[in-house]
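Before any comments, here is the structure.
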Amino acid sequence: MKKKQEAESFGVIGLGRFGTALAITLAKAGKDVIVLDKSEIKVKELRQYTDYAYVVDELTAETLREVGIQNCDTVIVCIGEKMDTSILTTMCVVEMGVPNVIAKALTAEQGAVLEKLGAQVVYPERDMAVRLGKRLISRNFLDYVSLDNSVEIRQIRAAGKLVGRSIEEYGIRKKYHLNVIAIESEKETTIEVRPDYRLQDGDVIVVIGKIDNMDRFEAEM
């Protein structure tokens, strides 16, 4: 992939469990994906998904340029276990001018350094632990998307005081400052939610708002 393609292209550096799953997901979605790893076995496995799978012994700036990483729209550095390699590789990719650089981190300290280099940082293990913890804590909590440190989108199963009452009656927006953006029932998903809609047992409401307000809403529900 020496020249920039019109379609969005990605680079995945490091084929551990996270990097491999990410690369396969992107490739199956029809994206152009460059993958790099020092393991010939791992790279060989990925060649059934992408033509741009390369074995590299050292992640130098010269090596990265040779495979065309600088032509990617987004590069994900998935080398969380080796902090020095992760930092140096991320620095190289950022300096090449790749528009979006994402780096995997295992610790807050590692993440802080990567952010200073100009990368967006993800914490796969921590995020999965938080997701599981939230599901275990709340019987009604189904899933969530974190938008930043204070705002989330959550799926919450209607139960308790909510059942049989309308969104307006319960004061989801007025009392808790949450916006209902969809309601999923057994029959359909509605995105144009009327304030007089009466919630039924088993309905799933999709709400967006501040985490503190969301937690209070669930606790009082």
Side-chain angles (χ1 to χ4, degrees), residues 7-8 10 12 16-31 33 49 73-74 76 78 80 100 102-108 111 115 119-221:
E8 188 175 9
F10 296 85
V12 177
R17 286 178 295 179
F18 176 71
T20 297
L22 178 62
I24 291 174
T25 299
L26 292 169
K28 283 186 174 180
K31 304 297 182 181
V33 186
Y49 301 101
D73 299 295
T74 300
I76 307 94
C78 309
N100 300 304
I102 301 169
K104 170 186 172 182
L106 299 182
T107 66
E115 284 181 346
Q120 177 185 341
V121 178
V122 294
Y123 299 86
E125 286 82 2
R126 184 196 68 180
D127 291 347
M128 283 302 298
V130 170
R131 187 182 296 270
L132 175 59
K134 289 191 175 187
R135 287 182 178 177
L136 294 173
I137 290 168
S138 174
R139 290 178 299 174
N140 297 321
F141 174 79
L142 299 176
D143 205 352
Y144 80 105
V145 175
S146 179
L147 300 181
D148 61 26
N149 291 330
S150 63
V151 178
E152 286 184 355
I153 299 175
R154 284 192 198 178
Q155 289 180 308
I156 302 172
R157 191 180 302 280
K161 299 176 183 178
L162 267 181
V163 176
R165 301 178 70 178
S166 71
I167 292 169
E168 187 175 33
E169 283 176 352
Y170 199 74
I172 295 177
R173 183 169 186 177
K174 185 175 181 180
K175 182 179 179 181
Y176 300 99
H177 307 290
L178 302 174
N179 288 316
V180 179
I181 58 177
I183 294 178
E184 302 172 8
S185 64
E186 293 182 359
K187 297 179 180 179
E188 61 181 355
T189 298
T190 303
I191 59 173
E192 296 180 356
V193 182
R194 294 173 56 89
D196 60 353
Y197 176 83
R198 292 193 177 277
L199 293 158
Q200 305 299 314
D201 188 23
D203 281 355
V204 174
I205 57 174
V206 185
V207 293
I208 181 172
K210 291 188 176 180
I211 295 172
D212 291 344
N213 293 336
M214 204 97 61
D215 290 341
R216 183 166 63 94
F217 166 62
E218 277 199 89
E220 295 180 4
M221 181 179 70

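- Taking every heavy atom of both residues into account, D201 and V163 meet most closely at N-CG1, 3.8 Å.
- Distance check: I167 CD1 to K174 NZ gives 16.0 Å after rounding to the nearest 0.5 Å.
- The side-chain heavy atoms of R154 and D215, taken from C-beta on, include a pair separated by under 4.5 Å.
- At a threshold of 4.5 Å between non-hydrogen side-chain atoms, the residues V122 and F18 count as touching.
- Shown here for Y176 and Y170, the closest heavy-atom pair between the two residues is CE1-CE2, 3.8 Å.
- Just one residue in the list V33, I24, T20 forms a side chain to side chain contact (heavy atoms under 4.5 Å, CB included) with Y49, and that residue is I24.
- Separating the CG atom in D203 from the OH atom in Y197 is a distance of 3.5 Å, to the nearest 0.5 Å.
- R198 contributes a side-chain N or O that, together with a main-chain N or O of G164, makes up a donor-acceptor pair within less than 3.5 Å.
- Atom CG in L199 sits 6.0 Å away from atom CD1 in I172 (nearest 0.5 Å).
- Surrounding CZ of R165 are more than 12 heavy atoms belonging to other residues, nucleotides or ligands, all under 6.0 Å away.
- Annotation for E168: atom CD does not count as buried by contact number, only 12 or fewer foreign heavy atoms lying within 6.0 Å.
- When every heavy atom of P124 is checked against every heavy atom of A105, the shortest pair comes out as CD-O, 4.2 Å.
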Name each donor-acceptor pair under 3.5 Å that joins a side chain in residues 188-195 to protein atoms two or more places apart or in another chain, with its distance.
unit_1	atom_1	unit_2	atom_2	d
R194	NE	D196	OD1	3.1
R194	NH2	D196	OD2	3.1

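- With rounding to the nearest 0.5 Å, the separation of CG in N213 from CD in E152 is 11.5 Å.
- The CD1 atom of I156 lies 8.5 Å from the CG atom of L162; values are rounded to the nearest 0.5 Å.
- Rounding to the nearest 0.5 Å places OG1 of T74 at 10.0 Å from NZ of K31.
- Taking all atoms of both residues into account, the shortest heavy-atom contact from R157 to V204 is NH1-CG2, 4.1 Å.
- Residues V12 and C78 share a closest heavy-atom pair of CG1-SG, 3.9 Å.
- Put simply, the side chain of L178 reaches to within 4.5 Å of the side chain of M214, judged on heavy atoms.
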